[in-house]
Amino acid sequence: MEKLKNLDKIVNLCKTRGIIFAGSEIYGGMGNTWDYGPVGVELKNNIKRAWWKRFVQECPTSFGVDAAILMNPRVWDASGHTASFSDPKMDCKNCKSRCRADNLISAHAKGKVNPDTMTNEQMEAYIAEHHLCCPNCGKCDWTPIRQFNLMFETSRGVVDDSSSKIYLRPETAQGEFVNFLNVQRSMRAKVPFGIAQIGKAFRNEITPGNFIFRTIEFEQMEHQQFCRDGDDQKFYDLFKQKAFDFLTDLGIKKENLRFKDHDKLAHYAKAACDIQYNYPMGWDELNGIHNRSNYDLSRHQEFSGKSMEYTDPFTGEKFVPNVIEYSIGADRLTLVVLCDAYDEETLENGETRVVMHFHPAIAPFKVAILPLQKNLSEKAKQVYSKLAPHFMCDYDEAGSIGKRYRRQDEIGTPFCVTIDFETLENDTVTIRDRDSMKQERVNIADLPQLIASKIVF
Ligand code: GAP
């Protein structure tokens with residue numbers, strides 16, 4: 001309960017401090033959509049940059065792509081999404097609200113049964129036996145369970161018929177698979193190598209989203225490692241470790257993270273696990289790591305009629321590579337970062353300060369420039385101009401200095417630079433550390449290097 005209260009506080013802080021707003025709010029909102037504000041867009045961009053640095057920039061054998069959201073619909077036949085990317089849903093006959101049967105069972109069973117391993121008939125029997133009623137109206141009168149496809153459909157061109165039907169992609173992964181040969185040839189890549197992408201994905205989720213945990217439009221950060229059969233277990237273990245290290249290096253507390261193997265594997269999968277986070281709502285998925293055998297490339301070979309074989313340049317051997325997929329939602333990671341960084345501290349004077357202990361590399365603003373009084377603003381603006389080419393800076397001259405520090409703590413700004421009358425005399429300022437609240441006096445000329453040295457990821 002206490003933790004859930006924290007989620008309410010975080011949602012509220014996000015709204016008041018320009019981090020995240022409800023989508024289309026002036027029209028009463030739209031379920032499971034959220035807009036990032038001026039502070040939130042910096043946070044999310046920094047998270048994406050940190051991921052790209054770790055999984056592309058620092059990996060000589062990984063290559064980035066930015067594939068189209070709208071793909072040839074045959075892609076989704078090959079991937080299996082048109083046939084089976086669906087959730088088991090049922091309608092309450094009384095209030096007409098729609099509900100996911102698997103979620104209803106999970107919430108009741110608390111880990112004792114796994115609905116992912118049940119048929120529709122088994123789920124219906126469980127719901128009847130345990131008298132699981134509608135969370136909206138309390139009545140227990142359900143329609144039979146039906147599978148609803150999660151892909152959003154749209155149509156291309158002027159004629160709206162089945163031949164013009166296309167989909168908003170429900171995952172970015174297929175953009176990496178269909179470009180396997182393009183990347184391999186253009187970059188002269190040798191297996192093992194990886195293709196990574198950050199981009200939007202869309203799913204027609206009907207269940208309550210728990211803020212940005214589950215949304216209908218979200219961003220994924222995905223990396224596919226192409227390797228030989230036989231090397232796959234090695235890369236599966238490697239990516240499990242790399243995915244975990246990335247999170248802890250970002251400052252996520254180890255005790256809030258755990259691995260969870262999937263109970264049920266797809267018929268082609270050799271292994272699959274999630275890294276879960278201990279959210280205010282409880283443990284749930286943050287990212288997935290899958291050993292997918294050579295299923296993805298084989299299916300595209302079958303459906304496109306194009307060979308997806310790779311020829312080993314040393315042995316001449318031809319094979320369709322296996323894939324180790326690592327996939328994490330940028331928005332879900334943003335939620336984890338927000339939850340993990342949120343802190344309420346009691347100060348010596350008894351006051352409480354809310355502070356976001358973001359890793360400095362992902363903090364929305366690296367430094368805030370604060371003139372002690374308004375008549376120091378000219379000098380303060382000079383300091384801002386000196387730092388702004390290097391870092392995202394905030395500038396604030398309104399209100400007491402204490403209140404301005406509190407505001408910066410709430411958006412996790414690691415450094416506050418205060419301009420006072422001594423600054424006019426000797427070109428020095430005080431720099432305050434967000435976490436220790438300690439201040440030291442430094443030369444303005446030293447600021448860029450000093451701050452840069454403390455925000456490295
Ligand atoms: N290509 C594999 C794939 O898409 P997934 O487990 O369905 O696998 C990967 O999604 C990640 O994308 C999840 O671990 C989660 O972080 C994020 N994700 C999935 N659905 C989401 C949603 N509706 N809203 C926000 N993030 C989502």
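Each ligand, and each atom within it, is numbered from 1 in the order the structure gives. Quick caveat: nothing in here was measured; it's all calculated off a predicted structure.
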Which atoms of ligand 1 are found less than 4.0 Å from any heavy atom of [X]?
{"X": "Glu285", "value": "6 (O), 13 (C), 14 (O)"}
{"X": "Asn287", "value": "14 (O)"}
{"X": "Phe213", "value": "24 (N), 25 (C), 26 (N)"}
{"X": "Ala173", "value": "1 (N)"}
{"X": "Glu325", "value": "1 (N), 2 (C)"}

Which value, rounded to the nearest 0.5 Å, describes the distance between [X] atom [atom1] and [Y] atom [atom2]?
{"X": "Arg98", "Y": "Asp91", "atom1": "CZ", "atom2": "CG", "value": "4.0 Å"}
{"X": "Asn278", "Y": "Asn256", "atom1": "CG", "atom2": "CG", "value": "5.5 Å"}
{"X": "Met90", "Y": "Glu124", "atom1": "CE", "atom2": "CD", "value": "8.5 Å"}

Taking distance alone, with no angle check, do [X] and ligand 1 share an N/O pair under 3.5 Å?
{"X": "Gly329", "answer": "yes"}
{"X": "Glu222", "answer": "yes"}
{"X": "Glu171", "answer": "yes"}

What residue and atom, counting heavy atoms only, is the protein's closest point to [atom], and at what distance?
{"atom": "atom 20 (N) of ligand 1", "result": "Arg203 NH1, 3.3 Å"}
{"atom": "atom 24 (N) of ligand 1", "result": "Thr215 N, 3.0 Å"}
{"atom": "atom 12 (O) of ligand 1", "result": "Gln220 NE2, 3.3 Å"}

Q.
Please determine whether a side-chain nitrogen of the Lys or Arg among Lys165 and Glu153 lies less than 4.0 Å from a carboxylate oxygen of the Asp or Glu.
A.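 Looking at Glu153 together with Lys165, the answer is yes, because their closest N to O distance falls below 4.0 Å.
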
Q | Pair Glu219 + Lys44, salt bridge at N-O below 4.0 Å | A | yes

**Q.** Residues that Cys140 engages under disulfide bond (SG atoms under 2.5 Å apart), provided they are two or more places apart
**A.** Cys133

Q: From the options Ala201, Pro170, Ser79, Ser327, select the one whose nearest heavy atom is closest to atom 9 (C) of ligand 1.
A: Ser327

Q | Heavy-atom nearest option to atom 21 (C) of ligand 1, drawn from Tyr326, Phe218, Phe202 | A | Phe218

Q.
Would Asp433 and Phe415 count as a side chain to side chain contact (heavy atoms under 4.5 Å, CB included) here? Give the steps.
A. CA-CA 5 Å; Asp433 180 273; Phe415 305 106; 4.0 Å; yes

Q | Residues forming a side chain to side chain donor-acceptor pair (under 3.5 Å) with His290, sequence neighbours excluded | A |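 Testing His290 for side chain to side chain donor-acceptor pair (under 3.5 Å), a comparison that skips the adjacent residues, returns none.
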
Q) Does Leu286 reach ligand 1, in the sense of a heavy atom lying below 4.0 Å from it? A) yes

Q. Between Phe226 and Phe177, what is the ring plane arrangement, given parallel below 30°, perpendicular above 60°, and tilted in between?
A.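 Geometry flag for Phe177 against Phe226: perpendicular rings.
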
